[in-house]
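Along the sequence shown, the residues carry numbers beginning at 1. What you are looking at is a predicted structure, and each value in this text was computed from that prediction instead of being measured. All values below were derived from every heavy atom in this structure, side-chain atoms included, with hydrogens, water molecules and symmetry-related copies excluded.
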Amino acid sequence: MSTFSESNSDGGVSQRVNSPRFSGPMTRRAHSFKRNNTHAGAINNAAVSGGALSTHNEVELQINSPRSEDGLESVSERKHGHHHIHNNHLHHHVSQRVHGGVVKGFLKRPLESIGVVDLGFREKKKIGHWMFLVFCGVCLFMGVLKICATGWLGSAIEKAQSYQELSDSNGIDNLMDKRSLGYEYRSREGDVERTLKTVETGVGGSHTAKESEVWSKPNSENFTQCIDLSKNHKKLDAKINGYILVNANGGLNQMRFGICDMVAVAKIMKATLVLPSLDHTSYWADQSGFKDLFDWKHFIDTLKDDVHIVETLPPAFAGIHPFSKTPISWSKVPYYKTEVLPLLNQHKVIYFTHTDSRLANNGIPKSIQKLRCRVNYRALRYSAPIEEFGNKLVSRMQQNGNPYLALHLRYEKDMLAFTGCSHNLTAKEDEELRRMRYEVGHWKEKEINGTERRLLGGCPLTPRETSLLLKALGFPSHTRIYLVAGEAYGEGSMKYLEDDFPNIFSHSTLSSEEELSDFKNHQNMLAGIDYVVALQSDVFLYTYDGNMAKAVQGHRRFENFKKTINPDKMNFVKLVDQLDEGNISWKKFSSKVKKLHRDRDGAPYLRESGEFPKQEESFYANPLPGCICETRKE
């Protein structure tokens, strides 16, 4: 093994210049020895009769070099073999002189005769050979010495450093083990919030530092809830302008938002709200009523200082035919006071046919915004069966004190048909979704370019894309995942996600048929159960910005900004396509995904406004400002 470097021009040597193991550039090539022209002339003049001594002006000494193929004998034979043929007498004479001690005399006397000069040339040649061999021996010895010094000694130094680093690492691990005393529980307004105090896994090991980072919550120490009634709050006036009947339309969370808005509208119009009726004609066709989904007595009692709420119309007004009205979407206070209130004063009972998005996100008085939050986060408590069973599932997900992730995988058939998204689905499945879209009359968009919509970030992430997102963000394969969704559409669509994350659960897999019997065919009640489990999860991740995602993330912000991952779908799917096309490595993909979502973890920020109401961020997805206030730093 050679210890020398042929060149320092390739960068391999330059990066070790300051290393104690590097002793400078060296070469394998020996220098050429050149004869003096005077000596060559003398030798030419000493030619023996019958033949001339052939000479060369340069002799290359590459003996024993890695680049030499023949070695010492072959070089000698090639260079001087013809001397033995034509000058046998001279060769014999020189040999006798060498063995007779001529070398010693030759070194002491000046070159005075042709014979002496000839003998000097031969002796000088042999001396050159010996000097080169000695030089090679010295180099070899120095090389071995260098290997011993920088190899064995360096290895020992590295081992010592490695041992020290390992000891330091073990010290940190031991410190973490001493602090791993389980999870601390704390109560806020009757709701349980779990703060992660350990990095213990569900398989008996311990998380690495990177794994623990995925569970850490964003910083929100300077923010607090601020929805209580002010000290100078006026007592509720007993005189009212009339009664409001409402039909909360849509799914569970859309109805939830609508109920909050209708309480606020009743406050604006000084009206009494009759307990809302719920939509039974939506996709799920759930026949559950308000009392099935919510604790209706708690609802009325919690809001008794804000607005009058009654279970039914009083007998004196029961015979009045209510005036039907569909409020304009995204309206503000002046609209209800100037256009709707006169109708209420005239008819005394008014019926709002729709409740979804009937109040603007912004430009609303602070007192009304706080009221909307009191309704959403305090008054609209789910009914006892839903709350109790939801909390039971939370306990099952927290088995052995493990953290869990709630995943809102909105990949159901109705959502895919509505959005026109069919990425990775078969042509048959795509056609089935298209037919469904045309069959639902109130869905306005019929012809949709799903490919274009996906690239714009308008499609739910597929289960495979979701799996890639979780892995890229650093969630380990043993992560416990609660699926906040119905059945995923598409044959084999869940395979990628289930293969990468086998610990996936849902209300169905965590429960017996007997436990679920009371909720069978009541999709809104099951959605309420999922809401409870998602709200208390350590991390909530949603793949589509629907009403469930808005409701849960807004509630988690209100509850001290629990970690919520909001995927940047537009840029993420482009990275997925690059990965699938082989244009980016997994390491680069993961790095870019982490960077992309660095500030999308549910941390506090002011609600984003827009040029048009539909472009604004939902008040219920981010109640800051309005219901969350920043505290002053002391």
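- Not counting sequence neighbours, Tyr351 has no partner by the ring-ring contact (aromatic ring centres under 6.0 Å, His included) test.
- Legend: residues meeting side-chain hydrogen bond (donor to acceptor under 3.5 Å, both in side chains) with Asn566, ordered by chain and number and at least two apart, are Tyr542.
- Using modelled atom types, one finds no donor on one side chain facing an acceptor on the other under 3.5 Å when comparing Asn249 with His354.
- Taking a cutoff of 4.0 Å between a charged side-chain nitrogen and a carboxylate oxygen, Lys413 and Glu432 qualify as a salt bridge.
- Residue Arg454 forms a side-chain hydrogen bond (donor to acceptor under 3.5 Å, both in side chains) with just one option from Asn449, Asp577, Thr419, and that option is Asp577.
- Cation-pi check for Arg256 over Tyr382 is met; the charged atom lies under 6.0 angstrom from the ring centroid and within 45 degrees of its normal.
- Here the rule is side chain to side chain contact (heavy atoms under 4.5 Å, CB included) with Leu236, and of Lys270, Lys304, His308 only His308 fits it.
- Under the 4.0 Å criterion applied to side-chain N and carboxylate O atoms, Glu515 and Arg396 are assigned as salt-bridge partners.
- Using modelled atom types, one finds a donor on one side chain and an acceptor on the other under 3.5 Å when comparing Glu617 with Tyr605.
- For Tyr544 and Tyr411, the gap between ring centers reaches or exceeds 6.0 Å.
- With respect to the salt-bridge test (charged N to carboxylate O, under 4.0 angstrom), the residues Arg381 and Asp295 qualify.
- Ion pairing of Arg434 with Glu431 is present here, as a side-chain N (NZ or NE/NH1/NH2) and a carboxylate O approach within less than 4.0 Å.
- With a 6.0 Å cutoff to the six-membered ring centre and a 45° limit on the axis angle, Arg556 does not count as a cation-pi contact of Phe540.
- Relative to the ring axis of Tyr496, Arg464 places its NZ or CZ within 45° and under 6.0 Å from the centre.
- Within the 6.0 Å centre-distance limit, the rings of Phe317 and Tyr243 are counted as a close aromatic pair.
- In this view, Phe505 satisfies the ring-ring contact (aromatic ring centres under 6.0 Å, His included) rule with no residue, not counting sequence neighbours.
- With salt bridges taken as basic N to acidic carboxylate O contacts below 4.0 Å, none links Lys563 and Asp538.
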